[in-house]
Amino acid sequence: MNQVSGKKLKVALLGCGVVGSQVVRLLREQADDLAARVGAPLELAGVAVRRLGRARDVDVDPALLTTDAEALVTRDDVDIVVEVIGGIEPARSLILAAMRSGKSVVTANKALLAEDGATIHAAARDGGADLYFEAAVAGAIPLIRPLRESLAGDHVHRVLGIVNGTTNYILDKMDSSGASFSDALEEAQALGYAEADPTADVEGFDAAAKAAILAGIAFHSRVTAADVYREGITEITAADVASAKAMGYVIKLLAICARSEDGRSFGVRVHPAMIPRDHPLAGVREAYNAVFVEAESAGRLMFYGAGAGGAPTASAVLGDIVAVARNRVSGARGPEESTYADLAVHPVGETVTRYHVSLDVADKPGVLARVADMFAKQDVSIQTVRQEGLGADAQLVLVTHRATDAALSATIEGLRELDIVRDVVSVMRVEGEDAS
Ligand SMILES: NC(=O)c1ccc[n+]([C@@H]2O[C@H](COP(=O)([O-])OP(=O)(O)OC[C@H]3O[C@@H](n4cnc5c(N)ncnc54)[C@H](O)[C@@H]3O)[C@@H](O)[C@H]2O)c1
Ligand SMILES: N[C@@H](CCO)C(=O)O
Ligand code: NA
């Protein structure tokens with residue numbers, strides 16, 4: 001039996017929305033187990049909310065509610081501050097105030113960490129405070145702690161995966177039912193996956209923030225959201241999905257953090273990509289997330305599970321609360337930010353991958369040769385070509401071997417200038433085959 005002999009540790013919760021309300025529930029329902037695991041009881045010291053009288057998903061003792069988050073985070077009796085408000089301000093100021101007063105901080109805030117992680121990590125170091133953020137990337141899936149701790153002795157080459165549940169749900173619907181992007185988005189909104197303003201998800205901002213956080217940890221370098229090349233899924237049509245299907249691919253929004261071949265830099269990108277239907281990521285359906293980590297000694301690891309939702313995300317938050325609480329009981333500290341490698345982020349033009357290119361062309365002799373010539377001029381090698389349709393409706397669909405983004409872009413520019421190419425219908429990266 002563990003001893004619950006330590007003095008009570010007090011937790012201040014900032015925000016009582018989808019995630020916060022589940023944190024309150026779990027702290028209450030699992031109080032005895034948590035106390036045994038930590039070695040000291042955890043007690044809610046207060047819950048900062050925007051409005052006091054609102055109906056919530058969980059019953060909270062009204063005496064704990066406050067609209068003065070600033071006073072709560074600096075209260076002498078508070079040991080741990082949990083930030084689940086989201087956004088940049090006031091979350092940043094509240095976290096900084098908490099750290100300056102020596103509190104340990106747990107946050108789920110990917111937007112803040114990706115925009116200004118440097119300030120938050122520096123404050124943690126200066127304040128001698130713990131900063132844990134497992135819930136910020138891929139919700140319930142343990143990914144931050146494995147990267148920061150379990151893989152701290154290895155050399156990570158690549159992190160690749162699906163880190164946004166809403167867009168995976170939309171793309172999965174488009175693939176399974178042939179739905180248009182807007183119909184699939186409406187369904188995602190009706191089910192509560194996508195928010196009323198779905199921009200952060202569908203334009204890839206949410207995934208880009210997560211990619212920045214993952215790359216920073218994996219490559220021991222500082223990465224912000226601005227370093228991430230980003231494309232969303234709003235331009236993907238039912239025809240793109242059907243064309244991918246016809247060639248044995250499925251379209252997924254991927255986050256890819258990869259070292260360059262010489263290991264001196266790395267790229268971070270978020271964009272839709274085609275992957276073979278027998279690739280493990282192709283089987284990630286609905287709003288699930290899955291991430292591969294490829295490391296020198298460990299080889300290929302796969303992390304899979306619920307990347308969003310109140311209870312799954314609160315599970316990650318609770319795990320962090322237990323970790324920082326244990327540290328306080330034992331007088332230990334969690335890992336600090338690690339940016340010693342200071343590698344550069346290379347521009348997307350240096351990315352090497354394969355491409356699926358769909359062209360609307362005149363169906364007449366010599367067209368294929370002229371198109372192939374344009375690829376050859378930029379040293380982009382073609383792997384497969386097929387023609388869809390005939391006459392005025394003819395489309396040429398090409399898949400390339402590995403080439404740089406810069407060479408592919410130059411090829412596309414050249415193709416647009418050919419009189420026989422009526423339209424470049426779509427260009428999409430192909431991942432998950434060979435070493436791509
Ligand atoms: N919902 C998810 O599935 C999920 C998954 C992973 C990470 N996250 C992250 O968790 C955080 C919270 O997300 P959520 O889905 O619970 O959002 P939410 O909008 O449901 O909850 C945020 C709550 O904070 C409150 N709030 C806003 N300003 C406040 C202030 N100044 N003081 C006190 N409370 C204030 C809001 O009224 C709201 O109730 C975000 O950073 C989000 O990115 C959410
Ligand atoms: N909106 C995110 C959940 C929070 O990270 C998603 O759809 O995955
Ligand atoms: Na996580």
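Every number for a ligand or one of its atoms is a count from 1 in the order of the listing. All residue numbers in this chain count up from 1 along the given sequence.
Side-chain N or O atoms of Asp154 include one that pairs as donor or acceptor with a backbone N or O of Ser297 at under 3.5 Å. Checking side-chain atoms of Arg259 against main-chain N and O of Val156 turns up a donor-acceptor pair under 3.5 Å. Judged purely by atom type and a 3.5 angstrom limit, Ser243 has no side-chain atom pairing as donor or acceptor with the backbone of Ala239. Distance alone, capped at 3.5 Å, places no donor-acceptor pair between the Lys173 side chain and the Asp183 backbone. Of the possible donor and acceptor atoms, none in the side chain of Asn168 sits under 3.5 Å from a partner among the backbone N and O of Ala287. The backbone N or O of Thr224 lies less than 3.5 Å from a partner atom in the side chain of Asp227, making a donor-acceptor pair.
The protein heavy atom nearest to atom 1 (N) of ligand 2 is Asp201 OD1, 2.9 Å. Considering only non-hydrogen protein atoms, atom 36 (C) of ligand 1 sits nearest to Arg50 NH2, 3.9 Å. Counting protein heavy atoms only, atom 2 (C) of ligand 1 is closest to Gly309 N, 3.8 Å. For atom 5 (C) of ligand 1, the closest non-hydrogen atom of the protein is Thr313 OG1, 3.1 Å. Of all protein heavy atoms, the one closest to atom 41 (O) of ligand 1 is Gly86 CA, 3.2 Å. Among protein heavy atoms, atom 4 (C) of ligand 2 sits closest to Lys110 NZ, 3.0 Å. At the shortest separation from atom 8 (O) of ligand 2 among protein heavy atoms lies Gly165 N, 2.7 Å. Protein heavy atom nearest atom 15 (O) of ligand 1, with residue, atom name and distance: Val18 CB, 3.6 Å. At the shortest separation from atom 25 (C) of ligand 1 among protein heavy atoms lies Gly15 CA, 4.2 Å. The protein heavy atom nearest to atom 44 (C) of ligand 1 is Val19 CG2, 3.7 Å. Among protein heavy atoms, atom 23 (C) of ligand 1 sits closest to Gly17 N, 3.9 Å.
Contact annotation for atom 17 (O) of ligand 1: protein absent (non-hydrogen atoms, distance under 4.0 Å).
In this structure, CG in Asp116 is found 9.0 Å from CD in Glu89, a value given to the nearest 0.5 Å. Going from atom OG of Ser104 over to atom CG of Asn327 covers 7.5 Å, rounded to the nearest 0.5 Å. How far CZ of Arg125 is from CG of Leu131: 11.5 Å, rounded to the nearest 0.5 Å.
For Glu231 and Arg269, the salt-bridge test fails: no basic side-chain N is under 4.0 Å from an acidic carboxylate O. Ion pair Asp320/Arg145 flagged as a salt bridge, since at least one NZ, NE, NH1 or NH2 atom sits closer than 4.0 Å to an Asp/Glu carboxylate oxygen. A salt bridge is defined here as a Lys NZ or Arg NE, NH1 or NH2 lying under 4.0 Å from an Asp or Glu carboxylate O, and Arg416 with Glu413 fails to meet this definition.
Contact annotation for Ala135 and ligand 1: only backbone heavy atoms (N, CA, C, O) come within less than 4.0 Å of the ligand. If you look at Asp206 next to ligand 2, the close heavy atoms, those under 4.0 Å, all belong to the side chain. When non-hydrogen atoms are compared, ligand 1 lies under 4.0 Å from the backbone of Ile85 as well as from its side chain. Under 4.0 Å from ligand 1, not a single heavy atom of Glu70 appears. By the criterion of a heavy-atom distance under 4.0 Å, both the backbone and the side chain of Ala108 are placed next to ligand 1. The proximity of Asn164 to ligand 2, defined as any non-hydrogen pair under 4.0 Å, involves the side chain as well as the backbone. Residue contacts with ligand 1 for Lys110 involve side-chain atoms from C-beta outward but no N, CA, C or O (heavy atoms, distance under 4.0 Å).
By the 6.0 Å and 45° rule, Arg300 stacks over the aromatic ring of Phe292.
For ligand 1, the atoms lying closer than 4.0 Å to a non-hydrogen atom of Ala308 are 3 (O). Set against the non-hydrogen atoms of Val84, the atoms of ligand 1 under 4.0 Å away are 12 (C), 22 (C). Numbered from 1 in the order shown, with element, the atoms of ligand 1 that lie under 4.0 Å from a heavy atom of Pro90 read 31 (N). The ligand atoms of ligand 1 that sit less than 4.0 angstrom from a heavy atom of Val49 are 33 (C), 34 (N). Atoms of ligand 1 lying under 4.0 Å from at least one heavy atom of Arg54, given by number and element, are 37 (O), 39 (O).
Note on Val137: counted as a metal contact of the Na ion (ligand 3), an N/O/S atom lying under 3.0 Å. Ile144 lies apart from the Na ion (ligand 3) in this respect, since none of its N, O or S atoms is found at a distance under 3.0 Å. None of the N, O or S atoms belonging to Pro142 lies under 3.0 Å away from the Na ion (ligand 3).
The distance criterion of under 3.5 Å between nitrogen or oxygen atoms is not met by Asn289 with respect to ligand 2. Any N or O atom pair closer than 3.5 Å counts here, and Gly87 shares no such pair with ligand 1. Residue Thr166 places at least one N or O, backbone or side chain, under 3.5 Å from an N or O of ligand 2. Of the N or O atoms in Ala308, none lie within a sub-3.5 Å distance of an N or O in ligand 2. In terms of polar-atom proximity, Gly20 is not counted as a contact of ligand 1, lacking any N or O under 3.5 Å from an N or O of the ligand.
Ring centers of His155 and Phe219: at least 6.0 Å apart, outside the cut-off.
For the pair O of Glu134 and O of Gly139, the angle at the Na ion (ligand 3) is about 90°; rounding is to 10 degrees.
Leu185 has its side chain within reach of Val202: a pair of non-hydrogen atoms, C-beta onward, lies under 4.5 Å apart.
Under a cut-off of 6.0 angstrom, the local environment of CD in Glu261 is sparse, with at most 12 non-hydrogen atoms contributed by other residues, nucleotides or ligands. Open room surrounds CG on Asp59; 12 or fewer heavy atoms of other groups in view lie less than 6.0 Å from it.
For the residue pair Asp175 and Lys245, the shortest heavy atom distance occurs at O-NZ, 2.6 Å. For Thr339 against Arg222, the heavy-atom pair with the smallest separation is CG2-N, 3.9 Å.
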